[in-house]
Amino acid sequence: MSHLIQQVLPLALGAAFSPTVLAISLLILSGPHGRARMGIFTVTNVATLAAIGVAWVFLLKHSTAGVDSASKDAATATVDTTLGLILLIIGARAALREPKAKEQHDTSEAGPALGKYALLGVVMMLSNLTTLALFLPAAKEIAVAGVSDPQRIGVLAMLVVIATVTAWGPLLLSVAAPTTANRVLSSIDRFTTRHAKAITVAVCLGFGVYLIVKGMST
């Protein structure tokens, strides 16, 4: 169990770096009906990743059941290497692309428009390729680990919680410490906006190399 957590935790922390989701979360919170909108955004964002994780773990667990260890190692190495290459491509693209102006989303509707923010939570997760490219190999480790199903569920829950911190973290802080949330979150937003490109490149290239080396050495 502890070995599985050691394998999953670095990938979970890498998946948590999502400047775009953080920026959108702070924008939603700063607008009208901010907490209600952010609450539904967070629920659908987290639920989408959880559903992907459950489906991925179920698929890999049952597709590798009864398979000899050599074939299982080859399959898991292919997953790691492929996702590592995808991360390298994303990192290289981010490094070569000109910085874009900060995206703006209309938050001025008269009503809460919760359906819109529910859909936005889903779309933001499905389009968050950096997070998914690190989440999937982490979930793969959970699927093939020799642990009980309750332990598997526990580690997967930990992975989802860490990987979605940029969605639920700002909301939690705004509820728990509303007087300091604006100052702290604004500082974080300025830092991530200023260094978004460098963060993305470093995470993608660093973990891309890590996964490729891991896959080739399996």
Side-chain angles (χ1 to χ4, degrees), residues 1-18 21-22 25 39-88 90 118 121-172 203-204 206-218:
M1 179 69 169
S2 60
H3 178 66
L4 175 60
I5 293 175
Q6 290 173 6
Q7 290 181 304
V8 169
L9 188 56
L11 296 170
L13 294 173
F17 285 100
S18 182
V21 173
L22 178 61
S25 297
I40 194 66
F41 173 89
T42 299
V43 168
T44 57
N45 190 266
V46 174
T48 299
L49 190 62
I52 292 172
V54 170
W56 183 242
V57 169
F58 179 85
L59 174 65
L60 290 180
K61 179 187 174 186
H62 288 275
S63 63
T64 57
V67 176
D68 62 89
S69 59
S71 299
K72 182 183 293 188
D73 288 345
T76 57
T78 299
V79 171
D80 285 337
T81 304
T82 300
L83 292 171
L85 288 171
I86 291 173
L87 281 170
L88 290 184
I90 295 173
V122 175
V123 171
M124 285 305 303
M125 181 52 68
L126 294 178
S127 61
N128 194 348
L129 298 182
T130 305
T131 292
L132 291 176
L134 287 164
F135 178 84
L136 293 177
K140 179 264 299 177
E141 297 293 344
I142 298 171
V144 301
V147 297
S148 66
D149 285 339
Q151 291 175 322
R152 211 184 305 275
I153 293 170
V155 179
L156 179 60
M158 179 200 75
L159 171 61
V160 171
V161 168
I162 294 174
T164 56
V165 66
T166 50
W168 60 260
L171 176 61
L172 180 62
V203 170
C204 289
F207 280 100
V209 171
Y210 167 77
L211 286 173
I212 290 173
V213 172
K214 184 172 180 290
M216 295 179 66
S217 61
T218 299

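Just the heavy atoms: all of them, side chains too, but no hydrogens, waters or symmetry mates, feed the values below. Fair warning: this is a prediction, and the values are worked out from it, not measured in the lab.
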Undergrad: Do Leu126 and Ile52 have side chains that get closer than 4.5 Å, going by heavy atoms?
TA: yes

Undergrad: Taking it one step at a time, do Ile162 and Leu9 satisfy side-chain contact (heavy atoms from CB on, under 4.5 Å)?
TA: CA-CA 9 Å; Ile162 294 174; Leu9 188 56; 3.6 Å; yes

Undergrad: For the residue pair Ser25 and Thr166, what are the closest heavy atoms and their distance?
TA: OG-O, 3.0 Å

Undergrad: State, to 0.1 Å, how close Phe207 and Gly14 come at their nearest heavy-atom pair, and which atoms those are.
TA: CE1-CA, 3.7 Å

Undergrad: Nearest 0.5 angstrom please: Glu141 CD to Thr76 OG1, how far?
TA: 7.0 Å

Undergrad: Determine the minimum heavy-atom distance between Val147 and Gln151, stating which atoms define it.
TA: CB-OE1, 3.4 Å

Undergrad: Is a donor on one side and an acceptor on the other found under 3.5 Å between the side chain of Thr164 and the backbone of Val46?
TA: no

Undergrad: Minimum heavy-atom separation for Leu22 to Pro170, with atom names?
TA: CD1-CG, 3.8 Å

Undergrad: Would you indicate whether the side-chain heavy atoms of Ile86 and Leu129 approach each other to under 4.5 Å?
TA: no

Undergrad: Any donor-acceptor pair under 3.5 Å linking the side chain of Thr82 with the backbone of Val79?
TA: no

Undergrad: Check whether any side-chain heavy atom of Thr130 lies under 4.5 Å from a side-chain heavy atom of Phe17, and answer yes or no.
TA: no

Undergrad: With a 4.5 Å limit on heavy-atom distance, are the side chains of Val161 and Trp168 in contact?
TA: yes

Undergrad: Report the distance from atom CD1 of Ile5 to atom CD1 of Ile142, rounding to the nearest 0.5 Å.
TA: 9.5 Å

Undergrad: From Leu132 CG over to Ser18 OG, what is the distance, rounded to the nearest 0.5 angstrom?
TA: 9.5 Å

Undergrad: Does a side-chain heavy-atom distance below 4.5 Å link Asp80 with Lys140?
TA: yes

Undergrad: I need the Asp149 CG to Leu156 CG distance, nearest 0.5 Å.
TA: 11.5 Å

Undergrad: In Å and rounded to the nearest 0.5 Å, what is the CG to OG1 distance from Leu171 to Thr42?
TA: 5.0 Å

Undergrad: Roughly how far apart are Leu49 CG and Asn128 CG, rounded to 0.5 Å?
TA: 9.0 Å

Undergrad: Please give me the minimum heavy-atom distance between Leu87 and Cys204, naming the atom from each residue.
TA: O-CB, 3.3 Å

Undergrad: Give the minimum heavy-atom separation between Val160 and Ala50, together with the two atoms involved.
TA: CG2-CA, 4.0 Å

